[in-house]
Amino acid sequence: MTHPCLECGACCASFRVSFYWAETDAHPFGSVPQQLTTTISPHHVAMRGTENKPVRCVALTGEIGQPVSCSIYTQRSSTCREFAAGSEYCNKARGMHGLPVLAPGNYDA
Ligand code: SF4
Ligand code: SF4
């Protein structure tokens, strides 16, 4: 069975994706490419494309509800890593894009 996130991407096009600036590669231990982020406060950045409406993260490739991928998957922020498929906010995002509810479950990639 295909992992549901691989044919979705709704959460990457629904909410502001923000995190502590030190998760960017501007910090020696950060990973998220800084040029793909924008500063939103003295200590926080957001993925470009998620700070305004319509929301769409600059790192997302593909069309929502079709085969998609994150172009910085191994470098993505803790915010992205911790977003749970099948959660309340997952299904809120899916609903915003006309996708069916995903049942709670173990969808770890
Ligand atoms: S976490 Fe939910 S909304 Fe995000 S890509 Fe996966 S199924 Fe879609
Ligand atoms: S960095 Fe990747 S996982 Fe995170 S919102 Fe953007 S496309 Fe989605």
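All values below come from the heavy atoms of this structure, side chains included, with hydrogens, waters and symmetry mates left out. Not measured: the values here are computed from a predicted model. Both ligands and their constituent atoms are indexed starting at 1 by order of listing.
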The closest protein heavy-atom partner of atom 2 (Fe) of ligand 1 is Cys90 SG, 2.3 Å
What lies under 2.8 Å from atom 4 (Fe) of ligand 2, restricted to protein N/O/S atoms, is Cys80 SG
Atoms of ligand 1 under 4.0 Å from any heavy atom of Arg94, numbered from 1 in the order shown, are 3 (S), 7 (S)
Atom pairs and distances, side-chain donor-acceptor, residues 12-20, under 3.5 Å, sequence neighbours left out:
| unit_1 | atom_1 | unit_2 | atom_2 | d |
| --- | --- | --- | --- | --- |
| Ser14 | OG | Ala10 | O | 2.7 |
| Ser14 | OG | His97 | NE2 | 3.2 |

- Task: State whether Cys5 contributes an N/O/S atom found under 2.8 Å from atom 6 (Fe) of ligand 1.
- Result: yes
Value for SG (Cys5) from OH (Tyr107), rounded to nearest 0.5 Å, stands at 9.5 Å
dist Arg48:CZ -> Thr37:OG1 (nearest 0.5 Å) comes out at 8.5 Å
- Message: With a 3.5 Å distance limit and no angle check, can you tell me whether Glu23 reaches the backbone of Val32 through a side-chain donor-acceptor pair?
- Response: no
Residues pairing under ring-ring contact (aromatic ring centres under 6.0 Å, His included) where one sits in residues 23-60, two or more places apart or in two chains, turn out to be Trp21-His27, His27-Phe29
Counting from 1 in the order shown, the ligand 1 atoms closer than 4.0 Å to a non-hydrogen atom of Ala85 are 1 (S)
Tracing side-chain contacts under 4.5 Å among Ile, Leu, Val, Met, Phe, Trp and Tyr outward from Ile40 reaches none
among protein heavy atoms, the one nearest atom 8 (Fe) of ligand 1 is Cys8 SG, 2.3 Å
Checking heavy atoms under 4.0 Å, the part of Leu102 that sits near ligand 1 is side chain
A student checking ligand 1 against Gly9 at a 4.0 Å heavy-atom cut-off should list atoms 5 (S), 8 (Fe)
Taking every heavy atom of Leu99 against every heavy atom of Gly65, the minimum-distance pair comes out as CD2-CA, 3.9 Å
Rounding to 0.5 Å, atoms OG1 (Thr74) and CZ (Arg81) come to a distance of 7.5 Å
In this structure, OG of Ser77 is separated from CD of Glu82 (nearest 0.5 Å) by 8.5 Å
